K.L.:
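Pasting a structure here, questions to come.
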2 protein chains.
Amino acid sequence: MNNNSKILIIDDERQIRKLIVITLESNNFYVLEAATAKEGLQMAAMHPPDLIILDLGLPDEDGQSVLVKLRDWYISPIIILSVRDAETDIIQALDNGANDYLVKPFRTGELLARIRNALRNKFESNNQSIITFQNITIDLVARIVKKDNAVLKLTSTEYSLITLLARNENKVLTHQFILREIWGPGYVEQSQYLRVFIAQIRKKIEENPNQPKIIITESGIGYRLVGEDI
Amino acid sequence: MNNNSKILIIDDERQIRKLIVITLESNNFYVLEAATAKEGLQMAAMHPPDLIILDLGLPDEDGQSVLVKLRDWYISPIIILSVRDAETDIIQALDNGANDYLVKPFRTGELLARIRNALRNKFESNNQSIITFQNITIDLVARIVKKDNAVLKLTSTEYSLITLLARNENKVLTHQFILREIWGPGYVEQSQYLRVFIAQIRKKIEENPNQPKIIITESGIGYRLVGEDI
DNA sequence: TTTTATTTGTAAAGCTTTTTAACATTATAT
DNA sequence: ATATAATGTTAAAAAGCTTTACAAATAAAA
């Protein structure tokens, strides 16, 4: 997994870059650094990395704009960095195609976990007809969901919702994104729907629905389906 | 439309071939002939035609098998010919990717209409976000269906169903195919569902639901959404 | 052509799912 | 620690789907 994957950091704060470089290099990643948006875009184009860590607060260009430019052609994971009081930016970045986010200051352990997660997904094919996570199996062709080999009775909305989350295993999906995908663009404000249906699904798949281990709430942002119980 | 499109006929009956050749050539089509499956497959591979007319009753190989082999690589329309008492074959052929069918004996006018239909579809892009037919418009992104510019209130099943039919404008979709696509593979026997929902949609889109002009019944086979009122 | 059988269409009741609403709990910010 | 915002829970109301019974239309047979 961490065998020589190439990672590009785009961040203007030298201290943060240094912290990340030390953490990653001691875990056998090969690290590239860029201090500005311009430099980062050039470097990404010249030496396409396996993963990009992008700070949203760059001096020379808006982070969202950098993200959109990257996503034009770059398909590997992008993890964004942001300060705590800029949650709107995080949400927008996730909608713009970021895979995950880290709020500064962050623990280096968390950084590594997020990177491993993102890279793991990268290597898993995305066109399977059977998705498995924790003790759950989804057969996309037969449209059957099983928990420990027992078939679950799901309504069609419940099925669509868990399938959407499962196809984006370990990735935070914003409320807006989920509502747009499942109910359509006219429903992006109806987050109450989501609460009701997430609750229903949790009742069916979680061992302990009021302490969920599969569908995790990312408060203020959305939900994340966790592939492996950690 | 009929400006020099190349059409290949695969049929062992010399009389039928002659009839088709005369009809098509007098309408400015360029016609290729094959009398056996082997010959037809070779000819299709050497001079890929714009449309293939395939008789299911060939002497040297089962028609379905020829169809499957063609569909491996051939994406342009295939119209099948069949005798009246082989409706099972027609249904299977449509499921195997045939675009349309003609029952022998057929009127030459009908042959021409079916060919023009199939070729028209070929030239229309299939990745639009707005589909229009007769006085109906479907906006696939907004998930809105309009009749004469008035928004129709459709349930989600109704919406999925009309969208499926519309994406296959002028093509017969078998009951099984529709049920599999909309309700899932466990529901291919539930053709009553289809009758109920087709009736509901007709009530909303047809001027005169008991004399439908948009969603046409193909008795014993399935339904067809007609793009242009003729 | 008339009769029979099969397929398709219609309508409504019963059941399930979705939506709405009111309130409780938990998480986040001050 | 408290206030505010976000999320979770529950259940009633509304909407939609499924089933049933029967009618009409179409295709096949006599």
Side-chain angles (χ1 to χ4, degrees), chain A residues 82-88 90-91 103 143 152-162 172-176 178-179 182-184 186-206 208-224, chain B residues 82-88 90-91 103 143 152-162 172-176 178-179 182-184 186-206 208-224:
Chain A
S82 174
V83 289
R84 177 153 296 287
D85 59 353
E87 296 232 315
T88 322
I90 293 175
I91 295 172
V103 172
R143 304 196 200 193
L152 295 181
K153 190 164 159 31
L154 299 186
T155 71
S156 78
T157 305
E158 287 164 8
Y159 176 79
S160 306
L161 182 48
I162 197 174
V172 186
L173 301 183
T174 64
H175 300 131
Q176 283 220 354
I178 299 173
L179 288 161
I182 306 293
W183 281 271
Y187 292 75
V188 291
E189 306 290 320
Q190 303 292 326
S191 40
Q192 172 62 9
Y193 285 18
L194 216 43
R195 286 183 217 119
V196 172
F197 278 88
I198 291 287
Q200 278 171 2
I201 293 176
R202 279 174 174 162
K203 270 189 207 156
K204 295 182 183 181
I205 66 170
E206 299 277 0
N208 188 357
N210 33 327
Q211 207 175 301
K213 296 246 182 297
I214 301 177
I215 299 178
I216 301 299
T217 302
E218 302 275 344
S219 195
I221 300 175
Y223 296 92
R224 179 203 297 263
Chain B
S82 173
V83 290
R84 176 152 297 286
D85 58 352
E87 296 231 315
T88 322
I90 293 175
I91 295 173
V103 172
R143 304 197 200 193
L152 294 181
K153 189 164 161 30
L154 299 185
T155 71
S156 75
T157 305
E158 287 164 9
Y159 176 80
S160 306
L161 182 48
I162 197 174
V172 186
L173 301 183
T174 63
H175 300 132
Q176 282 220 353
I178 300 173
L179 287 162
I182 305 293
W183 280 271
Y187 292 74
V188 291
E189 307 290 320
Q190 303 292 326
S191 40
Q192 173 61 8
Y193 284 20
L194 215 42
R195 287 184 215 118
V196 172
F197 278 88
I198 290 287
Q200 279 171 1
I201 293 176
R202 278 174 174 162
K203 271 188 208 158
K204 296 183 182 180
I205 67 171
E206 299 277 359
N208 189 355
N210 33 328
Q211 207 176 299
K213 296 246 182 297
I214 301 177
I215 299 177
I216 301 299
T217 301
E218 301 274 345
S219 193
I221 300 175
Y223 295 92
R224 179 202 298 262

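Both backbone and side-chain heavy atoms feed into the values below; hydrogens, waters and symmetry mates do not. Just so it is clear, the structure is predicted and the values come from calculations on it, not from any experiment.
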K.L.:
Heavy atoms, side chains only, cut-off 4.5 Å: are A:Trp183 and A:Leu194 in contact?
P.N.:
yes
K.L.:
Strictly below 4.0 Å: does A:Thr217 bring a side-chain N or O up to OP1 or OP2 of D:dG8?
P.N.:
yes
K.L.:
How far apart are the closest heavy atoms of A:Val103 and A:Val83, and which atoms are they?
P.N.:
CG1-C, 4.2 Å
K.L.:
Grab the CD-C1' distance between B:Glu189 and D:dT18 for me, whole Å please.
P.N.:
16 Å
K.L.:
Donor-acceptor pair, B:Arg202 side chain versus B:Ile215 backbone, under 3.5 Å?
P.N.:
yes
K.L.:
Looking at side-chain heavy atoms only, is the closest gap between A:Ile90 and A:Thr174 below 4.5 Å?
P.N.:
no
K.L.:
Where does the angle between the aromatic ring planes of A:Tyr187 and A:Tyr193 fall among parallel (under 30°), tilted (30 to 60°) and perpendicular (over 60°)?
P.N.:
tilted
K.L.:
If the helix axis at each end comes from five base pairs, how far does the helix from C:dT1-D:dA30 to C:dT30-D:dA1 deviate from straight, to 10°?
P.N.:
40°
K.L.:
Can you tell me the distance, in whole Å, between the CG atom of B:Leu179 and the P atom of D:dC17?
P.N.:
14 Å
K.L.:
Where do B:Glu206 and B:Lys213 come nearest, in terms of heavy atoms and distance?
P.N.:
OE1-N, 2.7 Å
K.L.:
Nucleotides 17-20 of chain C: which of its N/O atoms have a protein N/O under 3.5 Å away?
P.N.:
unit_1	atom_1	unit_2	atom_2	d
C:dT17	OP1	A:Lys153	NZ	3.4
C:dT18	OP1	A:Thr157	N	3.2
C:dT18	OP1	A:Thr157	OG1	2.4
C:dT18	OP2	A:Thr155	OG1	2.6
C:dT19	OP2	A:Trp183	NE1	2.9
C:dT20	OP2	A:Tyr193	OH	2.6

K.L.:
Just the rounded figure in Å: distance from C1' of C:dT7 to CD1 of B:Ile216.
P.N.:
17 Å
K.L.:
List, with names and distances, any nitrogen or oxygen atoms from the protein found under 3.5 Å away from nitrogen or oxygen atoms belonging to nucleotides 1-6 of chain D.
P.N.:
unit_1	atom_1	unit_2	atom_2	d
D:dA6	O3'	A:Gly220	N	3.3

K.L.:
Rounded to the Å, how far apart are A:Lys203 NZ and D:dG8 C1'?
P.N.:
10 Å
K.L.:
Can you confirm whether A:Tyr223 sits close enough to A:Ile216 that some side-chain heavy atom of one is under 4.5 Å from a side-chain heavy atom of the other?
P.N.:
no
K.L.:
Please report, rounded to the nearest Å, how far the P atom of D:dA24 is from the CG atom of B:Asn208.
P.N.:
16 Å
K.L.:
Give the rounded distance in Å between these two atoms: CD1 of B:Ile215 and C1' of C:dT8.
P.N.:
14 Å
K.L.:
For A:Gln211 and D:dT7, what is the distance between atoms CD and P respectively, to the nearest whole Å?
P.N.:
19 Å
K.L.:
What's the CD1-P distance between A:Ile198 and D:dT9, to the nearest Å?
P.N.:
11 Å
